[in-house]
*Asks:* 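Supplied in structure tokens, the structure appears directly below.
Both counts, for ligands and for their atoms, begin at 1 and track the order of listing. Along the sequence shown, residues are numbered consecutively beginning with 1. Computation of the quantities below employed the complete heavy-atom set of this structure, encompassing side-chain atoms and omitting hydrogens, waters and symmetry-equivalent molecules.
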Amino acid sequence: MSSDLLQIYDQWQQRLVEELPAAIELRHRIHAEPRVSHDESDTARLVTEALGAPDVPSIAGAGRVVRIGPSTGPSIALRGELDALPIREETNVPWSSVNGAMHACGHDVHLAALVAVARAARSLPLPCALLAVLQHSEETFPSGAYELLEAGAFAGHDVRAFLGVHLQPRLAEGVAAATAGPVNASSDEFEIVVEGRGGHAGYPHLTQDPVVALAQVVVALQHIVARNVDPTRAAVITVGTLSAGSAANVVPGRAEARGSLRALHPDDREFLHRRLVEVSEQVAAAHGCRAEVRLTIGEPALVNDRRLAEACEPWLAKSGFVPGEAFRSCGADDFAYYGAAGPTLMAFVGTGSGADDSPGLHHPRFLPSDLSVHHVAQAMIAAAVAAFEDLAR
Ligand SMILES: [Zn+2]
């Protein structure tokens, strides 16, 4: 830790404390007026006004990039997500949403923290620019991160690191983790259509039953992760929907399933794609039916840069966080797309009470405390200072 950076860090944390009351108010306002993916212009306006940059142009929809510090030269990017989820809120706080959408993924907290961090940074002698990235549509496909990159949102900014912080109720409050390597999974969706021959329920020998065939496919798919993937590496195949038929006494002609494929390693991801097709086609064929598999490719795995992660840990500790154990999950975040444009670091900040049944992310009663605005902001500063440090090496 150089003395210059230490000084910046200390001043940044002090100014952050002055920004917090307004940031918490902003959090309540954003929470009360959520906007779902691809409809976040109102939220972007609130945030850019709070940043004192109401005229910054929109990119790829509601996205915005606000540059702070030196107007030329390299930069580091700090992301906040603009979108809420189509969930009916059940928290009963006075600043609950009433419009059928909800900030159930903590993006209200992330945005408020980002505003506080960016405002506190304005008078600091930053060694390079800080980009406040207001990213739309994290929760849907096509993803906002992908769209910002495609639209050239970072052209001319020479971004040296992409940083993000996400709340994580599976970590205890006061814990933060910046784990090197893959921390979130790639996420792809699939659809399996099994075609057979329908007929009378009482004459099964005259049909090729796609319901039984698909049921066997679903069971066989579970063996791919259990028996084919290296057990020390995480992967998931979840079948989330099943549909077939319209009457109890009719064998239908077709049956369909949709599901999610996740993997922490790119080679496992490709392997899952291949086995999904093989197993579906061959199990269906063994039952006299024909399976067709369609894949929709989503975000890649989110990989934390080792140097950035290692540089961040001591700054998190200095900020008073209890060092977490390595934290990885098969959740997915479109932040992973930034990995194609530069080194990435996602830190996770705990909001958990330790109870296993407390409302998690995307739950209608998920409600992190206002203290989490401070925690996320502190972790953002730790990540930014670590990136400055890495830049100087
Ligand atoms: Zn989220």
Side-chain angles (χ1 to χ4, degrees), residues 26-27 30-31 33-40 43-44 47 61-64 77-87 89 91 97 101-115 117 132-148 162-171 173 175-179 182-187 189 260 262 298-304 327-339 344-352 358-369 372-373 375-377 379-380 383:
L26 178 67
R27 185 251 171 140
I30 293 169
H31 190 94
E33 299 167 28
R35 295 291 182 268
V36 294
S37 312
H38 289 108
D39 182 33
E40 310 98 327
T43 306
V47 175
R64 307 277 197 282
L78 193 51
R79 180 194 75 161
E81 316 92 312
L82 292 164
D83 55 338
L85 288 149
I87 292 176
E89 179 160 355
T91 67
S97 149
M102 179 187 174
H103 273 292
C105 198
H107 298 175
D108 53 335
V109 173
H110 304 166
L111 285 172
L114 177 59
V115 167
V117 166
V133 179
L134 314 181
Q135 186 213 297
H136 62 293
S137 306
E138 191 278 320
E139 303 283 4
T140 54
F141 200 78
S143 125
Y146 181 80
E147 289 183 341
L148 285 185
F162 288 89
L163 312 171
V165 175
H166 206 295
L167 294 177
Q168 180 44 258
R170 298 193 62 79
L171 294 173
E173 190 150 51
V175 171
T179 306
V183 292
N184 268 179
S186 57
S187 174
E189 292 191 355
S260 174
R262 294 171 181 237
E299 54 257 47
L302 166 48
V303 181
N304 275 347
F327 184 82
R328 306 175 202 286
S329 82
C330 283
D333 193 307
D334 75 344
F335 185 79
Y337 282 116
Y338 297 119
T344 44
L345 178 67
M346 169 67 79
F348 295 102
V349 165
T351 64
S358 60
L361 297 171
H362 295 202
H363 190 284
R365 287 196 305 280
F366 178 66
L367 189 74
S369 72
S372 62
V373 176
H375 285 166
V376 168
M380 284 176 168

*Asks:* Just jot down the salt bridge (Lys or Arg N to Asp or Glu O under 4.0 Å) partners of Arg35, sequence neighbours excluded, or say none.
*Replies:* Asp42

*Asks:* Under the rule for salt bridge (Lys or Arg N to Asp or Glu O under 4.0 Å), what residues qualify as partners of Asp334, not counting sequence neighbours?
*Replies:* Arg79

*Asks:* Take the Zn ion (ligand 1) as the centre and count protein N, O or S atoms at distances under 2.8 Å.
*Replies:* 3

*Asks:* Taking the six-membered ring for Trp, are His31 and His107 closer than 6.0 Å centroid to centroid?
*Replies:* no

*Asks:* How are the rings of Tyr338 and Phe335 set to each other: parallel, tilted or perpendicular (split at 30° and 60°)?
*Replies:* perpendicular

*Asks:* Can you sort out the partners of Ala84 under side-chain contact (heavy atoms from CB on, under 4.5 Å), two or more places apart, ordered by chain and number?
*Replies:* Pro34, His103

*Asks:* Using only atom types and a distance under 3.5 Å, with no angle test, would you say the side chain of Asp83 pairs donor to acceptor with the backbone of His136?
*Replies:* no

